[in-house]
There are 2 protein chains.
Amino acid sequence: MASDHTRSAILAAAERLYADRGFGDVTLRDIVAAASVNLAAVNYHFGSKDELIAELFVTRSIATNRERLRELKAAEEQGGGRAPIEVILHALVGPTLRGCLGPENQRSTAARFMIRASIESVPPIRRIKNREIDHLRKFAGAMRRALPDRSDVDIYWGLNFALAMAHHTIRESERLTKLSEGKCDLDDVEDVIARVVSVATMALTAGRNEAKAPPRALARDAR
Amino acid sequence: MASDHTRSAILAAAERLYADRGFGDVTLRDIVAAASVNLAAVNYHFGSKDELIAELFVTRSIATNRERLRELKAAEEQGGGRAPIEVILHALVGPTLRGCLGPENQRSTAARFMIRASIESVPPIRRIKNREIDHLRKFAGAMRRALPDRSDVDIYWGLNFALAMAHHTIRESERLTKLSEGKCDLDDVEDVIARVVSVATMALTAGRNEAKAPPRALARDAR
DNA sequence: TTGCAATTCAAACACTTGTATGAAACTATC
DNA sequence: GATAGTTTCATACAAGTGTTTGAATTGCAA
């Protein structure tokens, strides 16, 4: 195993460079230069560039997923196997938002890296994301238990919309700040989480009919 | 101006290839081969690869934005300068969703291209998206007129969440289908639009306090 | 037809990319 | 301190990229 120094120097440098400049224009040569390491070291320690990226992403997303499940499990145990829907949603989007938002100058490299990964979506990362379905199914299950009257379809749509709001807010946080001229405070992470959870809860608990029957007259008018 | 044949052959081939295989692994050589055209033609007619991509994206997004504003204007005129919030949201997300979802086999090349653009986000496209803020401000204005009691902050958050649900659903439509084992029907575009509009409307009209005050006790518990 | 501009073409250019190689340097074990 | 295994290093490789060039061709007007 030896010193491991080179390995972790590469990981740190790569994460920082990718976070700062995106996957698009950071080359292996940039990384090894920043890490003060030989070019061949990347292939020696990681096999390939894609495996390096994958390792960075996996590390971080495992941490997030673990935190999510920890919150979920704690909530369900406390509620005797059934947690309130707000708390489930909180466990779903909280760790991600907490990990990626917050005051920019004190945002960790890891957080900035994950934002990049969310924006740019390179192949090795896409492959990993596709394996996340099993993880999401656990949340779908908890949501079903919390809302036994709700159809599966509604559950999945609610899950989809919750993730949508969280991820889009992360991806487009800069644009939202600009659009709102700073009125939307993306640094107040707990407020952002509360907003997402609140809307997602409404989506999941509102009268079933409303969600499915559009105001047809209005919709047709606008055509 | 001459024949223009080469120019449009390139545009068509590029749009199809990018739609099918993504920006990542389509080269100029692939495009000119598909268009039966000489390699140098791209630079001759468009200046550079990035300008070709930009032209493709601008064309489509101008069409979408025009459609959005047409619906918005029609609705506001009909309501004497003030349209119902549902209709405004419908005008905002309808054209995009209608353009990108629907039965896969009858999805237009343009639609599939726009999905790619939404997923991969290459530099020339990102640059254009950043100029979309003025367009969104028009919708923020209409929403303010529809909900004069609402604070600007809430308006912008509602706008953000509406776009979030629409775009995320497009980006991750495949994953949602898989996750729900086909139960969520992404081909029924009008139903998807209705769901997004419904949730966004709730987000914008629900009691103001709920949105800001999280169930603090529960949130703390889960930590 | 002649002349001139617009277009097309084959070829090469100039670079960058990730990866592979094989020798050198190091490290720990006996 | 010799040896075996690991790690580092300079260097080269092979392939692919967008772009440029300058000559050939085309189309159209005088």
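Small disclaimer: the values here were computed from a predicted structure and weren't measured. Here is the naming used below: chain letters follow the sequence lines, and residue numbers restart at 1 for every chain.
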>> Is it the case that the side chain of Glu120(A) and the backbone of Gly24(A) share a donor-acceptor pair, with hydrogens and angles ignored and the cut-off at 3.5 Å?
In response: yes

>> Regarding Glu132(A) and Lys129(A), does a basic nitrogen lie under 4.0 Å from an acidic carboxylate oxygen?
In response: no

>> Between Asp30(A) and Val37(B), which residue's closest nucleotide on DNA chain C lies nearer the 5′ terminus?
In response: Val37(B)

> Within this structure, what is the CZ-to-P distance between Arg7(A) and dT6(D), rounded to whole angstrom?
Replying inline: 16 Å

> Hey, mind stepping through Ile31(B) and Lys49(B) against side chain to side chain contact (heavy atoms under 4.5 Å, CB included) and telling me if it holds?
Replying inline: CA-CA 10 Å; Ile31(B) 293 171; Lys49(B) 181 198 184 189; 6.0 Å; no

> Hey, what bend do you get for the helix from dT1(C)-dA30(D) to dC30(C)-dG1(D) if you fit axes on five pairs at each end, rounded to 10°?
Replying inline: 0°

> Could you give the CZ-to-P distance, from Phe46(A) to dT7(D), as a whole number of Å?
Replying inline: 12 Å

> Phe23(B) CZ to dT17(D) P: how many Å, rounded?
Replying inline: 16 Å

>> Tell me whether Lys73(A) at atom NZ has more than 12 heavy atoms from other residues, nucleotides or ligands lying less than 6.0 Å away.
In response: no

> Do Arg7(B) side-chain atoms and His45(B) backbone N/O form a donor-acceptor pair below 3.5 Å?
Replying inline: yes

> Does a side-chain N or O from His45(B) land closer than 4.0 Å to OP1 or OP2 of dA6(C), or not?
Replying inline: no

> About how many Å separate CD1 of Ile85(A) and CZ of Arg145(A), when rounded to the nearest 0.5 Å?
Replying inline: 11.0 Å

When you compare the protein's N or O atoms with those of nucleotides 18-21 of chain D, which come within less than 3.5 Å of each other, and at what distance?
from, atom 1, to, atom 2, distance (Å)
dG18(D), OP1, Lys49(B), NZ, 3.0
dG18(D), OP2, Leu28(B), N, 3.1
dG18(D), N7, Arg29(B), NH1, 3.0
dG18(D), O6, Arg29(B), NH2, 3.0
dT19(D), OP2, Asn43(B), OD1, 3.1
dT19(D), OP2, Lys49(B), N, 2.9
dT19(D), O5', Asn43(B), OD1, 3.4

>> In terms of relative ring orientation, are Phe113(B) and Phe23(B) parallel, tilted or perpendicular, with 30° and 60° separating the classes?
In response: perpendicular

> Are Asp154(A) and Arg195(B) close enough for a salt bridge, meaning some N to O gap below 4.0 Å?
Replying inline: yes

> Rounded to the Å, how far apart are Ile10(A) CD1 and dT8(D) C1'?
Replying inline: 11 Å

> Rounding to a whole Å, what distance do you find between Leu52(A):CG and dT17(C):C1'?
Replying inline: 15 Å

>> Between Thr6(A) and dT7(D), is there a contact of a side-chain N or O with OP1 or OP2 at under 4.0 Å?
In response: no

> How many angstroms lie between CG in Asn160(A) and OG1 in Thr177(B), if you round to the nearest 0.5 Å?
Replying inline: 9.5 Å

